Amino acid sequence: MSATQLQCRECGTGYELEARYVCDRCFGPLEVAYDHSRLAADVPGLRRRIQGGPQNIWRYADFLPLQGGQPGPSNRHASRAGLPAGCTPLIKADRLGERLGLRNVWVKNDAANPTHSFKDRVVAVASARARELGFDVLACASTGNLANAVAAQAAALGLESYVLIPSDLEEQKVLATGVYGTNVVAVEGNYDDVNRLCTELSGERDGWAFVNVNMRPYYAEGSKTLAYEIAEQLGWRTPDRIVGPIASGSLFTKVAKGFAEWLELGLAEGSAPTMNGAQATGCSPVAQAFEARQDFCRPVKPDTIAKSLAIGNPADGPYAIDLARRTGGGIDAVTDDEIRAGIRLLAETTGVFTETAGGVTTATLAKLAARGDIDPDEEVVVLITGEGLKTLDAVRDTFATHTIPASLQAFDDAFAAAR
Ligand SMILES: *Cc1c(COP(=O)(O)O)cnc(C)c1O
Ligand SMILES: [Zn+2]
C-alpha cells in the first residue's frame, strides 16, 4: 500500500499502521501518511486504472490505507467485502444557481449511499482496516448517521456491533439503525458524553474496533473519496469552491486533503478549492472561533435541529479553521429556521431532499451568495451529506396539504385559481 505510517499532526512522530489515534508524546491526533511516488510515475495509467475500477470507493484504493491497492478481478480483497459506498451523483444545479445568482452550482448528493449518508464511506474504510488488523466487533459513538452505517456494515460483514448514540436522537435514525440487528445503546447525555464513554470503552475492550475512536485515522481517510469523486466527475479537475458541513471537522479537512493529493500528483488539474465550512448556530464552536479570529474552539452545549452536526467539542476544529483561512474561505453558521428554508430551497430547485445537515450547507451557500462572497462564474460544489427522510420533523408544517372531498367540484373549488 502507499500508506507508510501514522503520523502525529502536531509533532510529526511516526507510528505503525495499527489501531492507534493519539500521539504518546504530545497527545496530538494521528493521521495516515503516504508515499505516492510510485503512483506519480504513470498518471495516465493511474487514471485508466481508476476508470476501470469498481463502481464504488474501492476504485480509489491506491489512496486508502489498505493492503494490496486496488482490487482487480483476480485480486479480491476479503477485507473489502460488505457494503460498498460511493459513486454518488454530482448534479448540475442550474435552478438552485439561478435563485442565488450563481451560474455554476453543483450538488454532490451523498444521500445516495447504502444507508443514505456519507458515513458509509468512512465506515467502509475503517471496517476494512479493522478486519485487516483482526478486529471482530464494530462499534462507534454516533450523532445518528454513523450508527446507521456501522450497523449496516456489520450486518453485511457478519460482525457483532455496538452503536452508542445520544438518547434524544431522531426516531427515524434509531429505527433505521436497530433494524440491522445491532446493539443500540442510547446514552443519557449529548454526543460529547457518548464520545467520552466510547473513548473509555475502547481502552477496555480488546478486539473492538470503534470506527471513530481507535480506528479514527482510517475512518477519516474515507472522506477523501468525496474529493476524488468530485474531481473525476468534473473531468479530472478541481472545483473553485466547496461548501461543506462541519461536525467534528473530519469530513471538511479530509476533503481538502483528497484534492491536495490529486493536485500534487497531477491527477487533477486546477488549484486547491476555497473551503467554506457550515455549522448550525445552535452548535457552532468552529464558526464562533473563526469569527473571533481564534485558533481553538471553546466547547458548547448543542441545541439545534441539525443533530448530525451537533458536536460541541470538535476534534478537528483547529484544523478546519486553519484550512478555511489558508484557502480564503470561511466558516459560517445558520439558524434552525434558515436550515429549514435551506432544505426547502434545495428540494424545490433540485428534487433532492436532504436532512438537516444539507439544510445547513444549502443555507450557507445562500448566505455566501447573498453576501457577494462568491463570484457568479465560480464553480461551487455544495456537499449534501444525508437524506431528508431521516429528519422529517424539520419540514413538518413548512407547507400546506389540501384536503378535499372526492369530487370534481371540490377540486375545482380548491384550485379555481390554477386553471
Ligand atoms: C457526520 C456527518 C457530517 C460531518 O461530520 P464530521 O464529524 O465533521 O466529519 C456531515 N453530515 C452528516 C449528515 C453527517 O452525518
Ligand atoms: Zn505528537
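Everything numeric in this text was worked out from a predicted model, so none of it was measured. In each ligand, atom 1 is the first atom listed, and ligand 1 is the first ligand listed.
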**OP:** Starting from atom 14 (C) of ligand 1, find the nearest protein heavy-atom neighbour and note its residue, name and distance.
**Re:** Lys119 NZ, 2.9 Å
Original post:
Where is the tightest heavy-atom contact between Cys87 and Glu229, given as atom of each residue plus distance?
Top reply: N-OE2, 2.6 Å
Subject >> Contact atoms of ligand 1, heavy-atom distance to Glu355 under 4.0 Å >> reply: 13 (C)
Original post:
Taking atom CD1 of Ile321 and atom CZ of Arg293, what is their separation to the nearest 0.5 Å?
Top reply: 12.5 Å
Original post:
SG (Cys23) to the Zn ion (ligand 2) to SG (Cys8): angle, nearest 10 degrees?
Top reply: 110°
Subject >> Ser308: numbered ligand 1 atoms lying under 4.0 Å from its heavy atoms >> reply: 13 (C), 15 (O)
Subject >> Structural part of Phe118 in contact with ligand 1, heavy atom criterion under 4.0 angstrom >> reply: side chain
**OP:** Give me the ring orientation class for Phe63 and Tyr228: parallel if the planes are under 30° apart, tilted from 30 to 60°, perpendicular past 60°.
**Re:** tilted
Subject >> Donor-acceptor under 3.5 Å (Gln288 side chain, Cys297 main chain) >> reply: no
Subject >> Residue portion contacting ligand 1 (non-hydrogen atoms closer than 4.0 Å) for Leu309 >> reply: side chain
Subject >> Proximal candidate to atom 5 (O) of ligand 1 [heavy atom criterion; set Ala247, Gly222, Ala320] >> reply: Ala247
**OP:** Could you tell me whether the side chains of Lys307 and Thr356 share a donor-acceptor contact shorter than 3.5 Å?
**Re:** no
Original post:
Of the protein's non-hydrogen atoms, which lies at the shortest distance from atom 9 (O) of ligand 1, and what is that distance?
Top reply: Leu251 N, 2.9 Å
Original post:
Is it true that a side-chain atom of Thr182 and a backbone atom of Ser161 form a donor plus acceptor pair closer than 3.5 Å?
Top reply: yes
**OP:** May I ask you to identify the nearest protein heavy atom to atom 7 (O) of ligand 1, giving residue, atom name and distance to one decimal place in Å?
**Re:** Ser248 OG, 2.5 Å
Original post:
What residue and atom, counting heavy atoms only, is the protein's closest point to atom 11 (N) of ligand 1, and at what distance?
Top reply: Thr385 OG1, 2.7 Å
Original post:
What residue among Asp120, Thr177, Asn145, Asn148 forms side-chain hydrogen bond (donor to acceptor under 3.5 Å, both in side chains) with Thr115?
Top reply: Asp120
Original post:
Which angle, to the nearest 10 degrees, do you find at the Zn ion (ligand 2) between SG in Cys11 and SG in Cys26?
Top reply: 120°
Original post:
Do side-chain atoms of Ser142 reach the backbone of Ala147 as a donor and acceptor pair under 3.5 angstrom?
Top reply: yes
**OP:** List the steps and the verdict of side-chain hydrogen bond (donor to acceptor under 3.5 Å, both in side chains) for Asp35 and Ser37.
**Re:** CA-CA 6 Å; Asp35 175 4; Ser37 54; 2.7 Å; yes
Original post:
Are Ser117 and ligand 1 in contact, using a heavy-atom cut-off of under 4.0 Å?
Top reply: no
Subject >> Close N or O approach (Gly249, ligand 1; < 3.5 Å) >> reply: yes
